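One structure is given here, and the rest of the page talks about it.
For ligands, and for the atoms within them, numbers begin at 1 and follow the listed sequence. Along the sequence shown, residues are numbered consecutively beginning with 1. Predicted model, so just to flag it, every value in this text is computed and none were measured.
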Amino acid sequence: SACSSKLAFMHPMWQEPLAIPGGDRQSPIDIVVRKSVFDPQLRPLKVQYDPRTCQQIWNNGYSFLVEYDDTTDKSTVKGGPLEDQFRLCQFHFHWGENNAWGSEHSIDRRLFPAELHLVHWNSDKYSLFEEAVIEENGLAVIAVFLKIGKRHEGLQKLVDALPAVRHKDSLVEFTKFDPSCLLPENIDDYWTYAGSLTTPPLTEAVTWIVMKRHIEVSHDQLAVFRSLLFTSAEEQVQRSMVNNFRVQQAVKGRTVRSSFT
Ligand SMILES: NS(=O)(=O)c1ncc[nH]1
Ligand SMILES: [Zn+2]
């Protein structure tokens with residue numbers, strides 16, 4: 001699927017572009033729990049992923065992306081804060097050089113060692129990711145925090161494939177992976193807010209759905225993430241792919257809603 005290959009992940013992200021589109025609903029943010037507002041109208045999230053739509057993993061010089069076939073409505077999310085049905089196009093992670101930081105969002109300033117993003121686009125309204133990426137209600141990203149703990153058996157298949165995409169622009173076939181194994185058992189408790197992509201084009205098209213419950217991965221599994229490189233095989237100087245998160249952005253007038261009290 002072209003859902004993310006066309007998105008130029010400029011890096012390092014810390015060279016923030018001068019002009020940001022709109023600029024009043026940027027991501028990521030710190031979620032201040034006591035300022036979030038419980039919304040009883042938020043429905044449970046309905047996630048339906050088909051592992052047969054899993055296609056490949058590639059290193060785009062910013063993160064590694066697991067890409068899904070998004071030409072049909074086989075892997076979708078709806079419900080929750082979403083009015084429409086959204087198609088999964090890819091998932092990726094953000095992580096730190098150590099376990100003290102790495103996530104893009106934080107909860108009352110608490111950072112996690114890593115954060116999973118499952119990226120979906122509004123297939124009720126648009127026919128391509130590229131169309132949806134510039135529209136206000138075009139995208140929905142589910143974020144899940146990772147904590148260091150017991151080994152995540154479902155993640156291991158992905159970890160084992162990472163050495164094959166060590167360098168920027170490397171790609172391998174990767175199939176039959178069900179990303180619902182990366183969701184916490186309880187997906188009914190989440191925060192949601194209107195935000196943006198955290199990598200270029202930084203468009204303000206995202207309904208963020210940040211899970212309250214985290215998942216656990218082992219120290220060794222996360223160490224393999226850190227063995228990836230930002231740089232391509234040809235480059236003289238190799239740079240470890242770590243700290244690939246964006247600086248947090250101002251909340252401005254936004255309200256973060258919670259699906260739980
Ligand atoms: N990190 S993010 O999920 O906001 C994203 N997905 C595609 C481009 N940027
Ligand atoms: Zn992301």
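With rounding to the nearest 0.5 angstrom, the OG atom of S127 is 6.5 Å from the CH2 atom of W121.
Using bins of under 30°, 30° to 60° and over 60° for the plane-to-plane angle, the ring pair H120/Y49 lands in the parallel bin. Ring orientation note: the planes of F174 and F177 are tilted relative to one another, at an angle of 30° to 60°.
The heavy atom nearest to atom 1 (N) of ligand 1, out of those in T198, V119, L139, is found in T198. When the options L202, L197, V206, L65 are ranked by their closest heavy atom to atom 5 (C) of ligand 1, first place goes to L197.
Looking at R257 and D39, a side-chain N of the basic residue comes within less than 4.0 Å of a carboxylate O on the acidic one, giving a salt bridge. Ion pairing of R246 with E16 is present here, as a side-chain N (NZ or NE/NH1/NH2) and a carboxylate O approach within less than 4.0 Å.
Ring centers of W208 and H105: under 6.0 Å apart, within the cut-off. Residues F145 and W191 keep their aromatic ring centres 6.0 Å or farther apart.
Under a 4.0 Å criterion applied to the non-hydrogen atoms of Q90, ligand 1 contributes the atoms 6 (N), 7 (C). Annotation for ligand 1: atoms under 4.0 Å from non-hydrogen atoms of H94 are 1 (N).
When the side-chain contact (heavy atoms from CB on, under 4.5 Å) test is applied to S227, the partners found at least two apart in sequence or on another chain are V224.
The shortest N or O to N or O distance between S196 and ligand 1 is not under 3.5 Å. The shortest N/O to N/O separation between H92 and ligand 1 falls below 3.5 Å.
When heavy-atom distances to ligand 1 are checked against a 4.0 Å cut-off, W208 comes that close only through its side chain, counted from C-beta outward.
Residues L88 and L118 are in side-chain contact: their nearest non-hydrogen atoms beyond the backbone lie under 4.5 Å apart.
Within the protein, the number of N/O/S atoms found under 2.8 Å from the Zn ion (ligand 2) is 3.
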